[in-house]
Q: 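Next up is a structure, given as structure tokens.
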Amino acid sequence: MKEQFTDLFRFEEDLVFDDLYPRNIKNLSQLHWTPLNIAQMAADFLSEPNTKILDIGSGVGKFCITAGFYNPQSCFHGIEQRQDLFLFAKLAKNKIGLSNVEFIHGNLTDLDFDNYDHFYFFNSFYENLHPENSIDKNIEITADLYDYYTTFLFDKLDRKPSGTKLVTYHGAKEQVPSSYTLIDGSKHWALKMWMKR
Ligand SMILES: C[S@@+](CC[C@H](N)C(=O)[O-])C[C@H]1O[C@@H](n2cnc3c(N)ncnc32)[C@H](O)[C@@H]1O
């Protein structure tokens, strides 16, 4: 099934991939969804046989779907708080027919981080600081939530075992515990690959 979708993933053809979604979702892509080339580079670093990788705030699933398409040896999971985005992610995944991609509807604070080996984080809490750039007005957005989620994630990442990998895209250094070493920041100015010591 998935072979027929290879064109969706051709080098940097984001506009073609974004056609999987309705126009209002497509219009959000440039600001809010991971570009294909970034998703590929991040997934190359994160992916290992038989590992579970979590996208923290998975939106309409662009990272997980791209990563899963190119890395069938790993499972990519996404958690998303907005139900409509979660449903669009599920639809797109089913259309392509990827068995190594799963989406969960919920808040990341309800998730058991022990279930995941490595993590991808596209500055998901940023809209709490800049509501003018928010995806929609359907959820609560406050600076307090930014602090709460950032501290929550920081603690969870800090407790993960040595060898845990993390990729941040447009992240701030302060969001990453000092127990993580920067392995590669050379591929794109906003893309950083980390590993826990
Ligand atoms: C910048 S978008 C990135 C989407 C996706 N990771 C990608 O790269 O294409 C961040 C997403 O995180 C979600 N999000 C933010 N805070 C969350 C939380 N506490 N729990 C679950 N999802 C959250 C937002 O609703 C949004 O869809």
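Remember, it's 1-based here, ligands and their atoms both numbered in the order they're listed.
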Q: Counting heavy atoms only, which part of Tyr169 comes closer than 4.0 Å to ligand 1: side chain, backbone, both or neither?
A: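 For Tyr169, no heavy atom sits under 4.0 Å from ligand 1.
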
Q: Of all the atoms in ligand 1, which lie at a distance below 4.0 Å from a heavy atom belonging to Asp55?
A: 5 (C), 6 (N)

Q: Report yes or no: is the cationic atom of Lys160 (NZ for Lys, CZ for Arg) under 6.0 Å from the centre of the six-membered ring of Phe113, at an angle within 45° of the ring normal?
A: no

Q: To the nearest 0.1 Å, how far is atom 18 (C) of ligand 1 from its closest protein heavy atom, and which atom is that?
A: Leu108 CD2, 3.4 Å

Q: For ligand 1, which atoms have a heavy atom of Thr34 less than 4.0 angstrom away?
A: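 Those atoms are 7 (C), 8 (O), 9 (O).
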
Q: Could you list which atoms of ligand 1 come closer than 4.0 Å to a heavy atom of Leu85?
A: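 Selected atoms, number and element: 27 (O).
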
Q: What I want to know is whether Ile135 and ligand 1 share at least one N or O pair that is separated by under 3.5 angstrom.
A: no

Q: Consider every N or O of Tyr120 and every N or O of ligand 1, then say whether any pair is closer than 3.5 Å.
A: no

Q: So for atom CD, which belongs to Glu48, do other residues, nucleotides or ligands contribute more than 12 heavy atoms lying within a distance under 6.0 Å?
A: yes

Q: Atoms of ligand 1 less than 4.0 Å from Phe125 heavy atoms?
A: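 Selected atoms, number and element: 16 (N).
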
Q: When you look at Trp189 and His170, which way does the side-chain contact (heavy atoms from CB on, under 4.5 Å) test go after all the steps?
A: CA-CA 9 Å; Trp189 68 268; His170 288 284; 3.4 Å; yes

Q: I want to know whether Phe121 and Phe125 have ring centres closer than 6.0 Å.
A: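 Ring centres of Phe125 and Phe121 closer than 6.0 Å.
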
Q: Do the charged groups of Asp18 and Lys62 touch, with an N to O distance under 4.0 Å?
A: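 Salt bridge present between Asp18 and Lys62.
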
Q: Pairs of nitrogen or oxygen atoms closer than 3.5 Å, one from His32 and one from ligand 1: do any exist?
A: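 Not met; the criterion fails.
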
Q: Look at atom CZ of Arg23 and say whether more than 12 heavy atoms of other residues, nucleotides or ligands are closer to it than 6.0 Å.
A: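 Atom CZ in Arg23 is not packed in, count stays at 12 or less.
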
Q: So for ligand 1, is Asn123 a polar contact partner (N or O within less than 3.5 Å, distance only)?
A: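 No; the residue has no nitrogen or oxygen that sits under 3.5 Å from a nitrogen or oxygen of the ligand.
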
Q: Under 6.0 Å from the NZ atom of Lys137, do we count more than 12 heavy atoms belonging to anything else shown?
A: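 Yes.
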
Q: Between Ala39, Gly57, Ala67, which one has a non-hydrogen atom sitting closest to atom 6 (N) of ligand 1?
A: Gly57

Q: Are side-chain heavy atoms of Val176 and Leu157 found at a separation under 4.5 Å?
A: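 They are not in side-chain contact.
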
Q: Would you check whether Gly61 reaches within less than 4.0 Å of ligand 1, judged by its heavy atoms?
A: no

Q: Report, in ascending order of atom number, the atoms of ligand 1 lying under 4.0 Å from any heavy atom of Gly59.
A: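 Heavy-atom distances to Gly59 below 4.0 Å select 4 (C), 27 (O).
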
Q: For atom 22 (N) of ligand 1, grab the closest protein heavy atom and report residue, atom and distance to one decimal in Å.
A: Gln81 N, 3.2 Å

Q: side-chain hydrogen bond (donor to acceptor under 3.5 Å, both in side chains) with Ser186: which residues, sequence neighbours excluded?
A: Asp184

Q: Please identify each residue that fulfils ring-ring contact (aromatic ring centres under 6.0 Å, His included) with Tyr148, with sequence neighbours left out.
A: none

Q: What residue and atom, counting heavy atoms only, is the protein's closest point to atom 13 (C) of ligand 1, and at what distance?
A: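 Its nearest protein heavy-atom neighbour is Glu80 OE1, 3.3 Å.
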
Q: Considering distance alone, does some N or O of Asn107 sit under 3.5 Å from an N or O of ligand 1?
A: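 Right, the criterion is met.
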
Q: Hydrogens and angles aside, do Thr109 and Asn107 bring a side-chain donor and acceptor to less than 3.5 Å of each other?
A: yes

Q: Give yes if a backbone or side-chain nitrogen or oxygen of Phe122 is under 3.5 Å from a nitrogen or oxygen of ligand 1, and no if not.
A: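 Checking ligand 1 against Phe122, no N or O pair falls under 3.5 Å apart.
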
Q: Go through ligand 1 atom by atom and flag the ones less than 4.0 Å from a non-hydrogen atom of Gly106.
A: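 Those of ligand 1 that fall under 4.0 Å from Gly106 are 20 (N), 21 (C).
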
Q: In terms of residue, atom name and distance, what is the protein heavy atom nearest to atom 10 (C) of ligand 1?
A: Ser124 OG, 3.4 Å

Q: Can you see whether Tyr120 engages Thr34 through a side-chain donor-acceptor pair at a distance of less than 3.5 angstrom?
A: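 The answer is yes; a qualifying pair exists.
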
